[in-house]
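We name chains A, B, ... by the order of the sequence lines, and we start the count at 1 in each one.
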Number of protein chains: 2
Amino acid sequence: MTTTTGDQALIKRMNTAIVLEAILRDAPLSRANISELTGLNKATVSSLVQDLIDHQLVRETGTGASSGGRKPVMLEFVATAGYAVGIDLGVNYLRGVLTDLRGAVMAERTLPLNEAQPEEVFGVLRPFVQELIDETPASPFGIVGIGVGVPGLVDRQGTVLFAPNLDWRDIPLRDALNRTFGIPVLIDNEANVGAIGEQKYGIGRGISNMVYVSVGIGIGTGLILHRELYKGESGFSGEMGHLSIEANGRPCRCGNRGCWELYASEQALLERAAEDGIAGGLDELLAEAENGNAAVREMFAEIGRSLGVGIANIVNVFNPNAVLIGNRMSRARVWIEDALRETVEQRALNFHLRNVRLLYAELGERSAVMGAAETAIAAFFVRLRSA
Amino acid sequence: MTTTTGDQALIKRMNTAIVLEAILRDAPLSRANISELTGLNKATVSSLVQDLIDHQLVRETGTGASSGGRKPVMLEFVATAGYAVGIDLGVNYLRGVLTDLRGAVMAERTLPLNEAQPEEVFGVLRPFVQELIDETPASPFGIVGIGVGVPGLVDRQGTVLFAPNLDWRDIPLRDALNRTFGIPVLIDNEANVGAIGEQKYGIGRGISNMVYVSVGIGIGTGLILHRELYKGESGFSGEMGHLSIEANGRPCRCGNRGCWELYASEQALLERAAEDGIAGGLDELLAEAENGNAAVREMFAEIGRSLGVGIANIVNVFNPNAVLIGNRMSRARVWIEDALRETVEQRALNFHLRNVRLLYAELGERSAVMGAAETAIAAFFVRLRSA
DNA sequence: AAACTTAGTTTATTGGATAGACAAACTAAC
DNA sequence: GTTAGTTTGTCTATCCAATAAACTAAGTTT
């Protein structure tokens, strides 16, 4: 095995990435600005910028204001140099976006999903993706990739190992899509892409250690540690829905007892409501709470407390800068927020509480689909860097 | 803020590190071997090796066997180019080692600690470290650093924020030692250095994702993720002893309820034994179990089950390649192992169980002190790289 | 208009990696 | 003993990215 050794090409790639990232973050920027910002020599910046312009990733946008000298030529990233497709494959819906390289949404589609059979889903998914692709404007790089979030375990090869709510096992989703469209495809767990979405485009922007808790039918988690998505040994992790919070609690179908999601998920809420004779889904319960139904409000508070128990654990284990509640339950924020915060404050270690913020998804139901697009964009930039 | 940009010096540092690591890993090695192994040109390797020889970090050890041509000149790392001091500052003991740069123990000392007052501990610690330093043979780099593991929370500045069992708060241990000895000092939590010790010198060698569970009076954890020690936002994390496994369990002094260490630590064992009128410490209980005392054996099994509950959680959250039981309770391995494994197998997700191994500290009570020395050695290599 | 400022390019230099030539030192075959 | 072939490690000329410094361009201030 050969380690990647250092040579001049590596340096150029590194410095090009530094320049590009500066432009991405702080555009519009002049060459002189970049030189000062990065510490690179003006001549170096000029040369690297020229390369980026040649590759159509950067363009000049006219002159900026002078402060007593020659006017600077401002540069910006050409966000429309390429486009990405993001797909959120839900249990009973399909959501897709077409974004530019900055994550600006160009087109969006949703579709209810009735069938969960892999073949049927493929049959719907293919034209769904194709329609998004058809809307892509002409651009130098075209569609740079397709990112997909799925409600299940995914291995490094993009195979859906197990998706209980779809009843999928060992479905080679990446290969299937890759064969159809001939462009890079990235598959990941719904909570992982949700975490990425919020960290890049949502309330989690710039936070280096955060835990995204996706509270839907079940509970999933995406871990951002040191600004990177953490994946365990097999490429999947974050099954914190099956963190046991009651060692001798109710048995879970996973084999464990007292799993968190038995107490704190949408499913748990609906079951609890059904016991009290309140039928309907989350929407109906939210409406009831809005109408002043005290029993329902208490149910939400109870969910908040149960979420708090698990989140206190998470805070103690990871000492993150933020814990972010995402997915459908984030809509119940007003009804769960106080109970949740109180529980966490009671139960988490003081030293860790100092730094942690309890946040709610800013992108709402779009966290996952935006994160899916972002994985495709990020993979494109990685390819650029090594080319 | 200026990002570290790429220049030729960076290349040289990178490649020097690659060469040195190859020699560290696979010595004895010839220049030709290194060239083939790393992909670096022969001339480049020659030049970099010469620099390393000039810096006394590498030496030639004579010729190797020929396979039909000129005999190779074999190279090895000069492990005795410098030495490191590792200190395990326990609640009632002090353990110290002097190691060479490869972690070979040159000298070792232990001392009982009766006083826990910071000033008293300093009074004992200073001469203790000095005696280890006095045993150092002459070498080009001398003592490259002092690593210390402490039973408490440590911030990035090496201040012991809180050590409940020593009753320490905000003790600037690094500064104190640094002023005395004038060499780099690194302070970290006992479980963190224990994890490092086992990952570098013990049973965890080469494992990229592992969780070290230090089971002593309390329970601490060290997380090795992607081959690196994970530290949370504030520089400390892994307070998994206060992972709640019973949402409505016994209140813990940390504010939470049902904390893991209330059920699975040495303290929990001793309290349980005291209830049954069995006095004494872990040693006595181990002797009783050895003598066939069924009640005591059951107590150990119960600890094993409680450990298993928490470890199943850890496995589900991190999907690590190994979970490693360390510190004092690792001595009870035979009495807890079966109950622990069965509990984990029942409770952890199947997908995660496939890859996880349940291991026991190989260095026993030396995990922490060896890890402490290793942190000093690692910091030395980092300094080398940037110089 | 002269003096000063700032932006961006050009030029000569530095320094690390490299390919390929080479000398040294060995083995193997005859 | 001679010759051919192999392997090791060094030497040399070359390449290339970054850089400092000089320079051109294009403004503002007095």
Side-chain angles (χ1 to χ4, degrees), chain A residues 2-20 22-23 27-54 58-76 385 387, chain B residues 2-20 22-23 28-54 58-76 385-387:
Chain A
T2 306
T3 334
T4 33
T5 56
D7 61 357
Q8 308 220 76
L10 173 73
I11 293 203
K12 189 165 188 179
R13 285 202 303 274
M14 284 180 56
N15 288 342
T16 304
I18 288 171
V19 168
L20 188 54
I23 297 176
L29 233 47
S30 70
R31 292 167 174 82
N33 286 336
I34 296 172
S35 171
E36 205 173 352
L37 218 62
T38 61
L40 288 165
N41 187 281
K42 285 197 298 175
T44 309
V45 172
S46 270
S47 157
L48 296 176
V49 163
Q50 193 53 54
D51 286 358
L52 288 170
I53 290 175
D54 291 345
V58 164
R59 80 175 140 231
E60 302 183 337
T61 61
T63 53
S66 159
S67 59
R70 173 173 165 180
K71 284 184 179 172
V73 177
M74 305 313 276
L75 303 165
E76 69 170 14
R385 209 164 301 176
Chain B
T2 307
T3 334
T4 32
T5 57
D7 62 356
Q8 307 221 75
L10 175 70
I11 295 194
K12 189 165 189 180
R13 286 202 304 271
M14 283 180 59
N15 289 342
T16 304
I18 288 171
V19 169
L20 187 56
I23 298 176
L29 233 46
S30 71
R31 290 169 176 81
N33 286 336
I34 296 171
S35 171
E36 206 173 352
L37 218 64
T38 60
L40 289 165
N41 187 280
K42 286 195 299 175
T44 309
V45 171
S46 270
S47 158
L48 296 177
V49 163
Q50 193 52 54
D51 285 358
L52 288 170
I53 290 175
D54 290 345
V58 165
R59 78 174 140 231
E60 301 184 337
T61 61
T63 54
S66 159
S67 61
R70 173 172 165 182
K71 285 183 177 170
V73 178
M74 305 314 275
L75 302 166
E76 68 170 15
R385 210 164 301 175
S386 59

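A donor and an acceptor atom sit less than 3.5 Å apart, one in the side chain of B/K42 and one in the base of D/dG9. Within 3.5 Å, no donor on the side chain of B/K12 pairs with an acceptor on the base of C/dG16, nor the reverse.
When distances run from any side-chain atom of A/R31 to the nucleotides D/dG9, C/dG8, C/dT14, the shortest one goes to C/dG8. With D/dT19, C/dG8, C/dG16 as the candidates, the nucleotide lying closest to the side chain of A/L40 is D/dT19. For B/R70, the listed nucleotide lying nearest its side chain is C/dA25; candidates were D/dA18, C/dT18, C/dA25.
Atom CE of residue A/M74 and atom CZ of residue A/R31 lie 11.0 Å apart, to the nearest 0.5 angstrom.
With a 4.5 Å cut-off on side-chain heavy atoms, A/T63 and A/R70 do not count as touching.
Counting to the nearest Å, the P atom of D/dT8 and the CG atom of B/N33 are 7 Å from each other. In this structure, the CG atom of B/N41 is 13 Å from the C1' atom of D/dA13, given to the nearest Å. Across the protein-nucleic acid pair, B/M74 atom CE and D/dT7 atom P stand 15 Å apart, rounded to whole Å.
Remark: A/N15 is not in phosphate contact with D/dA17, judged by side-chain N or O atoms under 4.0 Å from OP1 or OP2. A sub-4.0 Å separation between OP1 or OP2 of C/dG16 and a side-chain N or O of B/S47 is absent. For B/S46 and D/dG9, the shortest distance from a side-chain N or O to OP1 or OP2 is not below 4.0 Å.
The nearest heavy atom of DNA chain C to A/D7 and to A/E60 marks one nucleotide each, and the one closer to the 5' end goes with A/E60. Both B/A43 and A/G68 lie near DNA chain C, and the one whose nearest nucleotide falls closer to the 5' end is A/G68.
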